[in-house]
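For this chain, numbers begin at 1 and follow the sequence in order.
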Amino acid sequence: MSKGKGKQVEPMVLLPPMPNPSAGSANPSASLSSLWGYLLPALNHIVRSPTTLTEKAPVIDISYHMGIHTATYNYFTMQVEAVSTNKERERLTPSGTDLYEHIDKYYAEVARELLLGAPEDDSSLIHYIIPCFSRYAAGAHSVNRLLNYVNRHYVKRAVDEDRGWLTLSDIFDAVAKAIQDGDTKEKITNKLKERRTEELKKWGWDEGGTGEQLAHAESCAEAASPLDRVVPLSALALRRFRTEFMEPLLAVPKLKGNKRRKPGAHNGNAPNIPKGRLARAVRELLEKQDVDVEERRRLVTELANAMRITGVRDGHPLRKRLDKYLLTGTV
């Protein structure tokens, strides 16, 4: 069909809900391998299925959704019961760790596959990244809802045990310097909260902002955390997109022979300095003359947003360049 000035509108392809696969007499919660075998088709359908609706992930049948929730709940319950009967309970790996690590590896594999599919031409790279990330993020958010029991049972407990994106060891030194003799426990707790607020402000949070803004800032901070920190499944996926997709594209190639550039060797001539693929693509986008201004701004906005959401910090040179363009309109 045509619309407006005769422009062809690409038809939207809606994938039907994925039906609940027959497990026969097998119990999906009997073991990790059984549970993963039951989950994997749903994950692949939600995250990997090709679709033109990049902002909305394909869905699964309601019976399959309920089956996954039940199987996950039963698996965790069986682990807790097994741990409670073991005399060395404290030395055992917390229940849910194995499933959480499987999900992490899954997202790492998906992100690497997407990187392998990136075009070799730098001029096409940003046009590939934006819908690619949109589709990936939509799938990740859908899986986060599907496996929310993992967040409630495993992630929440890990955060309570100081294994989340911001730990006491991260902020202890700064807070310790501010602690004075005679400070009460309440004062120390408030100083810890202040330190956490400072970290969230780096991701766009302002005191007095909405709960939604706070959640968004914390999600960015979680995605920016090291791989050994336990974060919600949505942030886990975004973090893997950063480490397996974004960071290789941001990496600056090493000079041949491992030679170091001498200070002032190029008299500040930036083009002589090796750049990562994404930096080259951004430079071409910003400096190319035959690009529509509105289209350029849209691409820059969405790329900057993807970098922030996946945890690329605001001090990164490429984020600074994108933010400068959005603020001033100049390169």
Side-chain angles (χ1 to χ4, degrees), residues 1 9-81 95-114 117 130-156 212 215 219 223 231-241 244-245 309:
M1 292 180 66
V9 178
E10 186 178 357
M12 295 298 182
V13 179
L14 293 173
L15 296 178
M18 184 179 192
N20 192 354
S22 174
S25 58
N27 180 6
S29 58
S31 65
L32 176 62
S33 59
S34 298
L35 179 62
W36 190 249
Y38 185 58
L39 294 176
L40 191 57
L43 298 184
N44 285 335
H45 180 71
I46 293 170
V47 178
R48 283 183 161 127
S49 292
T51 173
T52 57
L53 292 172
T54 59
E55 296 181 356
K56 186 176 181 180
V59 298
I60 61 175
D61 187 81
I62 186 63
S63 64
Y64 194 8
H65 190 288
M66 294 302 297
I68 287 174
H69 177 81
T70 301
T72 305
Y73 172 83
N74 289 341
Y75 179 73
F76 275 91
T77 301
M78 290 172 61
Q79 282 196 320
V80 170
E81 291 175 351
S95 62
T97 300
D98 49 2
L99 178 58
Y100 185 85
E101 291 177 349
H102 260 61
I103 297 170
D104 187 31
K105 291 177 182 177
Y106 174 81
Y107 280 126
E109 292 173 2
V110 173
R112 284 194 288 266
E113 287 175 6
L114 295 175
I130 290 172
C132 178
F133 173 69
S134 178
R135 172 69 183 90
Y136 177 92
H141 286 302
S142 182
V143 171
N144 185 68
R145 293 190 298 271
L146 176 66
L147 298 177
N148 192 45
Y149 188 76
V150 178
N151 289 330
R152 290 192 287 115
H153 175 84
Y154 176 73
V155 176
K156 184 180 182 301
E212 184 178 354
S219 176
V231 296
L233 298 185
S234 56
L236 182 76
L238 297 172
R239 185 170 67 186
R240 276 302 183 182
F241 194 88
E244 310 303 320
F245 187 98
I309 289 174

Short question: side chain of [X], backbone of [Y] - any donor-acceptor pair under 3.5 Å?
| X | Y | result |
| --- | --- | --- |
| Asn151 | Leu233 | yes |
| Thr72 | Ile68 | yes |
| Ser134 | Thr54 | yes |

When you check the side-chain N and O atoms of Tyr75 and Asn27, is any donor under 3.5 Å from an acceptor? no
Any donor-acceptor N or O pair under 3.5 Å, side chains Ser31, Ser33: yes
Working to the nearest 0.5 angstrom, can you tell me the gap between [X] [atom1] and [Y] [atom2]?
| X | Y | atom1 | atom2 | result |
| --- | --- | --- | --- | --- |
| Ile62 | His65 | CD1 | NE2 | 6.0 Å |
| Leu32 | Gln79 | CG | CD | 8.0 Å |
| Arg240 | Arg112 | CZ | CZ | 7.0 Å |
| Arg152 | Leu147 | CZ | CG | 11.5 Å |
| His141 | Ser234 | NE2 | OG | 6.0 Å |
| Ile46 | Leu39 | CD1 | CG | 10.0 Å |

Find out whether [X] and [Y] are in side-chain contact, i.e. whether some heavy atom of one side chain is under 4.5 Å from a heavy atom of the other.
| X | Y | value |
| --- | --- | --- |
| Arg145 | Ser142 | yes |
| Ile60 | Leu146 | yes |
| Phe76 | Val150 | yes |

Classify the ring geometry of Phe241 against Tyr136: parallel below 30°, tilted from 30° to 60°, perpendicular beyond 60°. tilted
Please report the closest heavy-atom contact between [X] and [Y], naming both atoms and the distance.
| X | Y | answer |
| --- | --- | --- |
| Lys56 | Ala138 | N-CB, 4.0 Å |
| Arg135 | Ser49 | NH2-O, 2.9 Å |
| Cys132 | Phe245 | SG-CE1, 4.4 Å |
| Asp61 | Asn20 | CB-N, 4.4 Å |
| Ile309 | Ala223 | O-CB, 3.4 Å |
| Ala140 | Tyr107 | CA-OH, 3.7 Å |

Working for side-chain hydrogen bond (donor to acceptor under 3.5 Å, both in side chains), residues Tyr106 and Asn44: CA-CA 10 Å; Tyr106 174 81; Asn44 285 335; 2.8 Å; yes
Which residue in the set Met18, His69, His45 passes side-chain contact (heavy atoms from CB on, under 4.5 Å) when paired with Tyr64? Met18
Apply salt bridge (charged side-chain N to carboxylate O under 4.0 Å, His left out) to Arg48 and list each qualifying residue two or more places apart in sequence or on a separate chain. Glu113
Among Trp36, Tyr154, Tyr149, exactly one meets ring pair (Phe, Tyr, Trp, His ring centres under 6.0 Å) together with Tyr100. Which residue is that? Tyr154
